[in-house]
Structures are given as C-alpha cells and as structure tokens.
Amino acid sequence: MDTNLLKSELTYKYVRSSGSGGQHVNKVSSKAELYFDLQNTNAFNTEEQQKLLEFFNNRLSKDGILMLSCDDSRSQFRNKALVTQRFLELITEGLKEEKIRIPTRIPRGVKKKRLKDKRINADKKANRKPPTIE
C-alpha cells in the first residue's frame, strides 16, 4: 500500500462545524470532510479493492465514495490530519488478512475428568434416595 498515492487521491472539503459555539463559529469552516473514490482508485489492485468494498459496505455512498469527517478540534489543519489518520487506519484494518482458525481436539484427560466428575455427582445424588427393601 502506497500511502503517498493514497493521499494524492483524497479530496477534502471544509464546512462549518455543528454544535454550540460563540460568534466565531458562524464564520469559520473548521470541520474537515474527506472523500475517497474507492471504485476509481489506482492505489489498489482488484483483489484489494474488492476486499475494501466488502469492508466499507455500509459506509460507501451509491457512487462508491467513502466519506469521513472530523470536527474534534477547532483547527482546520488538525481536523484534516485527524481525518487522514483515521482513513489510513481504516484502510490498513480493511486490508488485514484474517487468521485461519485451526480446530483443536479436546484432550483425553479433560474428557476423563469430566466423566469422573459426572459419576461422582450421580453417586452423590443416588445416595440421597431412600434404600429399597426387597
């Protein structure tokens, strides 16, 4: 994964943050929105692209564009850095290979212990019953 190529394909848009604030908040566009066109990117091969499409299934728009936003900070520059960092983390998480689980057998000693404990419990309950007269 070439991060410089990825960063060059990103599009940023700055809008006004929502929420409470003073007089200054109505004049400054500090919220950073990141747009990434996943379907028309050259940064990934088709296999990686398909994997990311599955990973971002619910986050993509109808056109296949991923949108992330950040308004954590008052600084436009800081918000841009944060949203870019989040984007790169999501991409690395989406490209991560899943480990194949190797099923393990239950050890013989564990099976024997379980059956022994069952037998002890059954005998204990059997001893609680009144004796039968023959």
K.L.:
Kindly compute the distance separating OG1 (Thr11) from CG (Asp37), expressed to the nearest 0.5 Å.
P.N.:
8.5 Å
K.L.:
Does either side chain, that of Gln76 or that of Ser30, offer a donor lying less than 3.5 Å from an acceptor on the other one?
P.N.:
no
K.L.:
At what distance, to the nearest 0.5 angstrom, does OG1 of Thr46 lie from CD of Gln50?
P.N.:
8.5 Å
K.L.:
Whether Lys80 engages the ring of Tyr12 as a cation-pi pair (distance to the six-membered ring centre under 6.0 angstrom, angle to the ring normal within 45°) should be assessed.
P.N.:
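Yes; both conditions hold, so Lys80 lies above the ring face of Tyr12.
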K.L.:
For the residue pair Leu52 and Leu95, what are the closest heavy atoms and their distance?
P.N.:
CG-CD2, 3.8 Å
K.L.:
Is there a path from Tyr35 to Phe55 through hydrophobic residues (I, L, V, M, F, W, Y) whose side chains come within less than 4.5 Å of each other?
P.N.:
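No.
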K.L.:
With heavy-atom distances below 4.5 Å as the criterion, would you say the side chains of Leu5 and Phe44 are in contact?
P.N.:
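Answer no - side chains too far apart.
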K.L.:
In the structure I gave you, are the side-chain heavy atoms of Phe87 and Glu89 within less than 4.5 Å of one another anywhere?
P.N.:
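No, too far: nothing below the 4.5 Å cut-off.
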K.L.:
What pair of heavy atoms forms the shortest contact from Gln49 to Asn40, and how long is it?
P.N.:
NE2-N, 4.2 Å
K.L.:
Taking atom CD1 of Ile106 as the centre, report whether more than 12 heavy atoms of other residues, nucleotides or ligands fall under 6.0 Å from it.
P.N.:
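Open.
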K.L.:
Around atom CZ of Arg86, are there more than 12 heavy atoms of other residues, nucleotides or ligands at under 6.0 Å?
P.N.:
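Enclosed.
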K.L.:
With clusters defined by side-chain heavy atoms of hydrophobic residues (ILVMFWY) lying less than 4.5 Å apart, directly or transitively, does Leu82 cluster with Tyr14?
P.N.:
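Cluster IDs for Tyr14 and Leu82 differ.
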K.L.:
Is there a side-chain contact between Phe36 and Glu9 in this structure, where contact means two heavy atoms from C-beta onward sitting under 4.5 Å apart?
P.N.:
yes
K.L.:
Spell out, as yes or no, whether a donor-acceptor pair under 3.5 Å connects the side chain of Asp63 to the backbone of Ile65.
P.N.:
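Absent.
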K.L.:
What distance do Glu54 atom CD and Leu60 atom CG have between them, rounded to the nearest 0.5 Å?
P.N.:
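So the gap between those two atoms works out to 11.5 Å.
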K.L.:
Test Lys51 against every option in Glu93, Glu97, Glu98 by the salt bridge (Lys or Arg N to Asp or Glu O under 4.0 Å) rule and name the one that passes.
P.N.:
Glu97
K.L.:
Using a 4.5 Å cut-off on heavy atoms from C-beta on, say whether the side chain of Ser29 contacts that of Val15.
P.N.:
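They are not in side-chain contact.
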K.L.:
Could you tell me if the side chain of Ser69 sits less than 4.5 Å from the side chain of Lys31, heavy atoms only?
P.N.:
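In contact.
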K.L.:
Can you name the one residue among Leu88, Thr84, Asn42 that meets side-chain contact (heavy atoms from CB on, under 4.5 Å) with Leu6?
P.N.:
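When Leu88, Thr84, Asn42 are each tested with Leu6, the side-chain contact (heavy atoms from CB on, under 4.5 Å) holds only for Leu88.
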K.L.:
Any sub-3.5 Å donor-acceptor pair from Asn79's side-chain atoms to Ser73's backbone N or O?
P.N.:
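Yes.
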K.L.:
Taking the side chain as every heavy atom from C-beta outward, state whether Leu68 and Leu90 have any pair of such atoms under 4.5 Å apart.
P.N.:
yes
K.L.:
Please find the pair of heavy atoms, one from Leu53 and one from Leu38, that lie closest to each other, and give the distance.
P.N.:
CD2-CD2, 3.7 Å
K.L.:
State whether the side chain of Asn127 and the backbone N or O of Asp123 hold a donor-acceptor pair below 3.5 Å, judged by distance alone.
P.N.:
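Checked: pair present.
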